[in-house]
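Presented below is the structure to which this report refers.
Naming convention: chains lettered A, B, ... in sequence-line order (proteins, then strands); numbering from 1 in each chain. Quick note: numbers below take in every heavy atom, side chains included, and nothing from hydrogens, waters or symmetry partners.
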Amino acid sequence: MTDSTPKPSDFIREAVAEDLRSGRFTTVRTRLPPEPNGYLHIGHVKAFLIDYNIAKEFGGELDLRFDDTNPAKEETEYVDAIQEDAHWLGIEWQRVLFSSDFFDLLYEWAVKLVKKGKAYVDDQSPEEVSKNRGSWTQPGIDSPYRSRSVEENLDLFERMKNGEFPDGSRTLRAKIDMAHGNMNLRDPIMYRIIHEPPHHRTGKKWCIYPMYDWAQGQNDAMHGVTHSLCSIEYEDHRPLYEWFLNELGIENKPRQIEFARLNLNYTVMSKRKLRRLVEEKYVEGWNDPRMPTLCGMRRRGYTPESIRDFVARAGVAKTINFRSGVFVDVAVLEACIRDDLNKLSPRKMAVLNPLKVVLENYPEGQVEEFDALNNPEDAAAGTRKVPFSKVLYIEQDDFREEPPPKYFRLSPGREVRLRNAYFIKCESVVKDANGAVIELRCTYDPATRGGDAPDGRKVKATLHWVSAAHAAPAEVRLYDRLFNDPDPESAGDFLANLNPDSLKVIERAWLEPSLAAAQPGEKFQFERLGYFCVDITSAPGKLVFNRTVSLKDEWAKIEKREKS
RNA sequence: UGGGGCGUGGUGCAAUGGUAGCACACCGGACUUUGAAUCCGCUUAUCUUGGUUCGAAUCCAGGCGCCCCAGCCA
């Protein structure tokens, strides 16, 4: 960032700056609060980056805190994956904390509230609790156990902790107001009893587990968090967040600020739906390149820089018109990765759907090598050698026997340039028994060596190509949006909106030979086609490439328009 | 029907009482050995009604619309 780049500013940063000015806080500490029950996806990234960037910009610290308060849903597998993904994104934290490491203190604090008469053990069944909570229009009904003595509550709560009662038989509840308009304040449950399964870190030590509302603010306070940033659906939890802190007499109370979360069109973000895609095998796994997970995007070829850029472009605000968040166009994401890859990826030539071209006037057995620019955006990237010979492959799309209007590419009698090589002219067409074009007979103009005509004549198209005798075979996977509908969840079953063409596998594409040794993770631009990266399953002799994103395609746009 | 929140071009974000701007998308053009990139240009917006003010996207009041909340999930 240069001096002329305006500092990012939004209502959260303004609030933090104001807190520092006013002396409400003297330092800044934020936290990433993932629940270790799934893989990180692009929606999480916004929250992560807000917390990370704000801590950094204000000279503060960031902690990673796993909110592992529900043993039924959480696993160590995710703890590791989340850290790996967050690191990859470029996020650095000071401490790794677990809510479960603070269960003892949290329990003491609960006891404190019980002693204060602000919490009680409720013997109602889950059904009764739910029924007596009332509704938006009906106030709730006080639990018959609400006015138990402090002594009885203390005794019962301790016995809950000691495992004397079965799951669901009792809860500890805050004593607030069963008629409150905000449902969160109708005596929220603080602890519930869960004997099985054992917790991924504390094992069988505990059989009572704190609810989110009880754990969140107290953890923030224990860890010295100043700004507890979260998404907007927690806005009406804030009064409860503050109630607990106030009743506990916490000094330097953390401040919760909410922002709209990020949704992407043409995808789904809910963990439940992503899990279905994986479990029902609509995709290969959590790291399928079509998934909006970080591991999927990484495999697809997205860079951390492009993802950070995307989140920055999406901005931070409270606008909510779509499921507690904003609905950002996936085209912005694609623009970000194109920008990044355009600058850094080496150019290569690859033919996905080969059409054989025989140069009738090119000497049999002759091979030439041409110098090709590795990256026109970066002079320092240098050049490479590309072999050329009598038999070539070009892209089927680059030839039309009957060219439509505005089609500049090859057709009978027309001349085009082969990138870095020669002008060629199509003399005749060879067809199979069904009338399909299987080969082009062309001539080349030796005077155009390197791609320029000394007589100054112009061609309207430049095609990429490979030499048939030298090309390396590869499998190429063309990924597209997973869903056809901008909002797959809009009506009924999101699976009905799956894009059947989200993956097209090209078993045998032909690559220029310099690609034969490409290593997993390496990224390239296949000229005129798009950005591709070597898949993690790729191996020498059995290359596999993923298309990260296509290049913008003016011709495709024209063709589509002409058709409709 | 209770509580909370949000309404600025197609989408997202700015403008904090003083010329409504930026990005993506769209459309048009220049350039081009990638129909890419780059460059230039263009269309399109303040939910509504009233009020305050010299002046309102911004302040006030009413209306309308959208989102979230009735898990022993987070």
Side-chain angles (χ1 to χ4, degrees), chain A residues 6 9-10 14 33-35 37 67 69-70 72-73 122 124-126 129-131 133-140 167-173 179-186 189-194 209 211-213 215-216 230-239 258 260 262 265 271 312-336 338-339 342-343 347 349 372-373 376-377 406-409 417-421 423 450-452 459-464 486 525-530 550-558:
Chain A
S9 181
D10 53 66
E14 282 171 13
E35 184 189 15
N37 73 342
D67 272 332
T69 56
N70 187 349
K73 298 169 67 174
D122 192 355
Q124 291 183 106
S125 69
V129 168
S130 172
K131 193 173 110 240
R133 184 148 32 220
S135 70
W136 292 325
T137 49
Q138 289 280 117
D167 289 10
S169 59
R170 281 175 230 260
T171 56
L172 184 75
R173 292 232 253 170
H180 202 105
N182 182 346
M183 300 293 274
N184 294 121
L185 298 179
R186 316 249 265 224
I189 291 171
M190 294 167 63
Y191 281 96
R192 73 286 213 193
I193 302 172
I194 303 174
Y209 290 92
M211 297 284 287
Y212 165 86
D213 282 309
Q216 189 72 196
C230 62
S231 54
I232 220 151
E233 66 263 39
Y234 293 105
E235 207 145 21
D236 54 11
H237 291 243
R238 186 168 6 108
E258 312 84 9
L262 183 152
N265 63 7
K271 272 178 200 164
R313 291 197 207 188
V316 178
K318 293 187 74 168
T319 313
I320 44 164
N321 284 311
F322 186 80
R323 297 194 190 105
S324 302
V326 293
F327 203 30
V328 183
D329 195 336
V330 70
V332 180
L333 215 208
E334 293 169 350
C336 290
R338 285 191 187 108
D339 276 1
N342 176 48
K343 282 177 294 179
R347 313 289 126 126
M349 290 198 285
L373 232 37
E377 304 287 320
K406 295 180 185 164
Y407 184 86
F408 303 152
R409 282 112 94 145
R417 171 169 39 233
L418 293 182
R419 177 101 160 130
N420 301 121
F423 284 11
D452 276 314
V459 288
K460 296 202 80 175
T462 300
L463 313 185
H464 61 277
Q525 184 197 95
F526 290 175
E527 285 195 281
R528 303 208 308 132
L529 295 174
S550 65
L551 249 31
K552 287 214 271 185
D553 188 346
E554 185 70 17
W555 165 243
K557 207 184 285 182
I558 293 168

Would you measure the distance from the [atom1] atom in [N] across to the matching atom in [M] and give it in whole Å?
N: B:rG12; M: B:rG4; atom1: C1'; result: 24 Å
N: B:rC22; M: B:rG65; atom1: P; result: 34 Å
N: B:rC73; M: B:rG2; atom1: P; result: 29 Å
N: B:rG10; M: B:rG29; atom1: C1'; result: 23 Å
N: B:rC60; M: B:rG71; atom1: P; result: 35 Å
N: B:rC42; M: B:rG9; atom1: C1'; result: 13 Å

What contact category does [X] fall into here, base, sugar-phosphate, or nothing, at under 4.0 angstrom with non-hydrogen atoms?
X: A:F526; result: nothing
X: A:V316; result: sugar-phosphate
X: A:I558; result: base
X: A:K557; result: sugar-phosphate

Ignoring hydrogens and geometry, is there a side-chain-to-backbone donor-acceptor pair from [X] to [Y] under 3.5 Å?
X: A:R186; Y: A:R133; answer: yes
X: A:N182; Y: A:D236; answer: yes
X: A:N265; Y: A:V330; answer: yes

N/O donor-acceptor pair, side chain A:R528 with base B:rG35, under 3.5 angstrom: no
Reading nucleotides 64-74 of chain B from 5' to 3' and marking B where a protein heavy atom lies under 4.0 Å of the base, S where only the sugar-phosphate is that close, and - otherwise, the string is --SBSBBSBBB
A correct 5'-to-3' footprint of nucleotides 36-43 of chain B, with B, S and - meaning base, sugar-phosphate only and no protein heavy atom under 4.0 Å, is SS------
*Side-chain donor-acceptor pair under 3.5 Å between A:R192 and A:T171, yes or no?*
no
The glycosidic conformation of B:rG7, counting syn as within 90° of 0 and anti otherwise, is anti
What I want to find out is whether A:R238 reaches A:D213 closely enough, with some N-O distance under 4.0 Å, to be called a salt bridge.
no
ask   = Looking at A:E235 and A:K318, does any basic side-chain N land under 4.0 Å from a carboxylate oxygen?
value = yes
Given the rule in the salt bridge (Lys or Arg N to Asp or Glu O under 4.0 Å) test, do A:D339 and A:R313 qualify, once you have shown the distances and angles that lead to the verdict?
CA-CA 13 Å; A:D339 276 1; A:R313 291 197 207 188; 2.8 Å; yes
Of the listed B:rG35, B:rG12, B:rC13, the closest approach to the A:A314 side chain comes from B:rG12
Any strand, both distances under 3.5 Å, Watson-Crick or G-U wobble: B:rG65 pairs with B:rC6
In Watson-Crick or G-U wobble terms, with both distances under 3.5 Å, the base opposite B:rG18 is B:rC54
Minimum side-chain heavy-atom gap [X]-[Y] below 4.5 Å:
X: A:V129; Y: A:D122; value: yes
X: A:D67; Y: A:Q216; value: yes
X: A:M183; Y: A:W136; value: yes

Item to complete: Could you say whether the aromatic ring of A:F408 and the base of B:rG35 stack, counting only centre distances under 5.5 Å and plane angles under 30°?
Response: yes
Strictly under 3.5 Å: I want the nitrogen or oxygen pairs between protein and nucleotides 20-23 of chain B, one per line.
none

CD of A:E233 to CD1 of A:I320, rounded to nearest 0.5 Å, is 9.5 Å
Between A:R419 and the options A:E527, A:R528, A:R347, the side chain to side chain contact (heavy atoms under 4.5 Å, CB included) test singles out A:E527
